[in-house]
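Each chain gets a letter, A, B and so on, in the order its sequence line appears, and its residues count up from 1.
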Amino acid sequence: MDGNFFHDVYEVVRLIPFGRVTSYGAISRYLGAKNKARMVGWAMNSAHSLSDIPAHRVVNQQGILSGKDHFDPDSSMQSRLEAEGIIIQNNKIRHFKKVFWDPSSELL
DNA sequence: TGGCTGACTTTCG
DNA sequence: ACGAAAGCCAGCC
């Protein structure tokens, strides 16, 4: 268990620009493992301890804040996203397509 | 060591 | 458009 996968996930999440979001599947696909989408979320679970990891910028493919419940009660995922200019409605990101950031396309 | 879990995604009904 | 089920793999008892 080298944790290389986790490290890669952390780096990608750290590279997410301000006011942008991405999906677990996009990250896993960027890493070359689209079937490991759940592992990305798992990596986040370990990453939530690190303040350097903007896990709030990572949502599911639908743009829903799936992991908002896993966030600290003091700093909710939605509040952080709204602080970045992202509009959230019904636990879902508005204009998700606009704020979506695909590492495979943008980062290249 | 073995088996359950999960912050997902895709597909069929 | 909505709901339910399968697939996938690494970490954690």
Hey, does [X] reach any base, or is it just sugar-phosphate, or nothing, if we go heavy atoms under 4.0 Å?
X        : value
Asn60(A) : sugar-phosphate
Ser23(A) : sugar-phosphate
Ala55(A) : base

Whole-Å distance between [N] [atom2] and [X] [atom1]?
X        : N       : atom1 : atom2 : answer
Leu31(A) : dC8(B)  : CG    : P     : 17 Å
Gln62(A) : dC2(C)  : CD    : P     : 10 Å
Asn35(A) : dT11(B) : CG    : P     : 13 Å
Leu65(A) : dC8(B)  : CG    : P     : 11 Å
Asp8(A)  : dG11(C) : CG    : P     : 12 Å
Phe5(A)  : dA7(B)  : CZ    : P     : 15 Å
Asp69(A) : dC8(B)  : CG    : P     : 12 Å
Gln78(A) : dA7(B)  : CD    : C1'   : 16 Å

(message) Within the 4.5 Å heavy-atom criterion, are Pro54(A) and Val13(A) side-chain neighbours or not?
(response) yes

(message) Any non-hydrogen side-chain atom of Leu15(A) less than 4.5 Å from a side-chain atom of Trp101(A)?
(response) yes

Considering just the side-chain nitrogens and oxygens of [X], establish if one lies under 4.0 Å of OP1 or OP2 belonging to [N].
X        : N      : result
Asn45(A) : dA7(B) : no
Ser28(A) : dC8(B) : no
Gln61(A) : dC8(B) : no

(request) Answer yes or no: does atom CD of Gln62(A) have more than 12 heavy-atom neighbours from other residues, nucleotides or ligands under 6.0 Å? (result) no

(message) Tell me whether Arg14(A) at atom CZ has more than 12 heavy atoms from other residues, nucleotides or ligands lying less than 6.0 Å away.
(response) yes

(message) Ignoring hydrogens and geometry beyond distance, is the side chain of Arg38(A) in donor-acceptor contact with the base of dG11(C) at under 3.5 Å?
(response) no

(message) With nearest nucleotide decided by heavy atoms, which residue, Trp42(A) or Gly25(A), maps closer to the 5′ end of DNA chain B?
(response) Trp42(A)

(request) Examine distances only and state if a side-chain atom of Asn60(A) and a backbone atom of Gly63(A) form a donor-acceptor pair shorter than 3.5 Å. (result) yes

(request) Kindly point out which of dG6(B), dA7(B), dT9(B) is positioned nearest to the side chain of Met39(A)? (result) dG6(B)

(message) Checking Arg57(A) now: which residues fulfil side-chain hydrogen bond (donor to acceptor under 3.5 Å, both in side chains) with it, not counting sequence neighbours?
(response) Glu84(A)

(request) Whenever both distances are under 3.5 Å in a Watson-Crick or G-U wobble pair, mark it; put DNA chain B into dot-bracket that way, with [ ] for crossing pairs and | when the partner is on another strand. (result) .|||||.||||||

(request) List the steps and the verdict of side chain to side chain contact (heavy atoms under 4.5 Å, CB included) for Tyr30(A) and Ser104(A). (result) CA-CA 5 Å; Tyr30(A) 174 72; Ser104(A) 299; 3.6 Å; yes

